[in-house]
There are 2 protein chains.
Amino acid sequence: MPDFFADKHLFHNPVEFALSKIGGSYKMPILWRLKDKAWRYSALASSIPHISDRMLSKSLKELLNDGFISKEIFPEVPPRTEYNITERGKKAVIIITALRNYGLDLMKDFGIAQE
Amino acid sequence: MPDFFADKHLFHNPVEFALSKIGGSYKMPILWRLKDKAWRYSALASSIPHISDRMLSKSLKELLNDGFISKEIFPEVPPRTEYNITERGKKAVIIITALRNYGLDLMKDFGIAQE
DNA sequence: CAGTATCCCAGGAGATACTG
DNA sequence: CAGTATCTCCTGGGATACTG
């Protein structure tokens with residue numbers, strides 16, 4: 001696996017590429033919540049620990065641009081916005097689930113309590 | 001899943017914990033190479049693109065401390081050092097393989113050429 | 001050969017303020 | 001409600017030099 005360019009950025013392996021798309025502190029938490037139902041912006045904001053509007057907005061926009069989620073705006077009063085997962089996003093959820101289970105195993109392995 | 005502390009650091013979910021152990025630019029490439037044979041320091045250094053001694057040494061030390069790899073020093077002249085994967089490291093390789101395959105799929109999905 | 005020690009920088013993320 | 005705009009800060013990683 002040689003280096004390759006994508007999005008004007010150099011990558012050294014497929015894992016780097018994958019994490020450039022769904023990595024960072026918030027994209028997986030967002031996709032994880034969208035996996036089985038639509039969420040509103042404000043619901044995501046209050047559900048994800050410590051996220052700022054800036055990071056939520058930024059993450060949603062990138063996931064949208066990369067086709068992992070879709071957005072629907074309902075012209076009500078007040079207006080309502082809903083985010084949904086796409087087919088591409090569903091594939092991401094599979095690997096997020098695997099990573100999450102691995103993380104849980106590792107925590108047990110390291111003797112870290114969880115609830 | 002509430003927040004939890006480990007290694008004097010706050011985590012919000014199991015994925016964060018997993019990536020704190022095997023994330024970063026070099027730990028997965030190292031584990032990936034060690035998965036089926038022992039490697040010497042210098043071989044890793046010349047195999048992993050662009051890695052500096054500082055980052056190789058730092059990554060190896062952390063993987064060692066966290067029990068993902070082991071190290072054996074042969075008192076020859078000149079001295080030889082070999083790194084091996086452990087049982088814990090082998091479990092990590094499983095998820096790295098999954099992430100790698102996901103990355104390859106995603107690259108295809110985004111129309112990125114690979115060799 | 002197999003590392004360690006310093007210095008430095010970019011970009012991911014936090015804090016705060018503002019808007020259609 | 002659903003965001004955007006600034007400014008700042010921190011830390012992962014780069015560059016360089018040195019050693020048993």
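Below, chains carry the letters A, B, ... as their sequence lines are ordered, and counting in each starts from 1.
Following rounding to the nearest Å, Leu56(B) (CG) and dA5(C) (P) show an atom-to-atom distance of 15 Å. Between the CG atom of Leu44(B) and the P atom of dC1(C) there is a distance of 13 Å, rounded to whole Å. In this structure, Ile51(B) places its CD1 atom 17 Å from C1' of dT16(D), rounding to the nearest Å. Spacing between atom CD of Glu16(B) and atom P of dG12(D) amounts to 13 Å, rounded to whole angstrom units. Spacing between atom CD1 of Ile73(B) and atom P of dG20(D) amounts to 16 Å, rounded to whole angstrom units. In this structure, Leu64(B) atom CG and dA2(C) atom P are separated by 15 Å, rounded to whole Å. We find that CD of Glu62(A) is positioned 12 Å from C1' of dA13(C), with the value rounded to whole Å. In this structure, the CG atom of Leu10(B) is 11 Å from the P atom of dG14(C), given to the nearest Å.
Taking a 6.0 Å sphere around NZ of Lys91(B), one finds it holds 12 or fewer heavy atoms contributed by other residues, nucleotides or ligands.
Toward the 5' end of DNA chain D, the nearer of the two residues Ser57(A) and Pro79(A), judged by each one's closest nucleotide, is Pro79(A). Mapping His50(A) and Thr81(B) onto DNA chain C by nearest heavy atom places Thr81(B) closer to the 5' end of the strand.
At dG3(D), none of the side-chain N or O atoms of Lys58(A) fall inside 4.0 Å of OP1 or OP2 (strictly under the cut-off). At dA2(D), none of the side-chain N or O atoms of Lys71(A) fall inside 4.0 Å of OP1 or OP2 (strictly under the cut-off). For the pair Arg54(B) and dT4(C), the criterion of a side-chain N or O lying under 4.0 Å from OP1 or OP2 is not met. In terms of phosphate contacts, Ser52(B) brings no side-chain nitrogen or oxygen within less than 4.0 Å of OP1 or OP2 of dA15(D).
If you check dA2(D), dT4(D), dG13(D) against the side chain of Lys61(A), the one that comes closest is dT4(D). Counting only heavy atoms from C-beta on, Met55(B) has its side chain closest to dG13(D) among dG13(D), dA2(D), dG3(D). Closest to the side chain of Asp53(A), from the set dA2(C), dG3(D), dG14(D), is dG3(D). The side chain of Tyr41(B) has dG3(C) as its nearest neighbour among dG3(C), dG13(D), dA13(C).
In this structure the side chain of Ile22(A) reaches within 4.5 angstrom of the side chain of Tyr102(B), judged on heavy atoms.
In this structure, dT16(D) and dA5(C) make a Watson-Crick or G-U wobble pair, each of the two defining distances being under 3.5 angstrom.
Because its NZ or CZ atom is both nearer than 6.0 Å to the ring centre of Phe110(A) and within 45° of the ring axis, Arg88(B) counts as a cation-pi partner of that residue.
Val93(B) and Leu64(B) fall within a single hydrophobic cluster, where Ile, Leu, Val, Met, Phe, Trp and Tyr side chains are chained together by heavy-atom contacts under 4.5 Å.
Residue contacts shown for Tyr83(B) are limited to sugar-phosphate atoms, with no base heavy atom under 4.0 Å away.
Between the side chain of Ser20(B) and the main chain of Phe17(B), a donor-acceptor pair closer than 3.5 Å is present.
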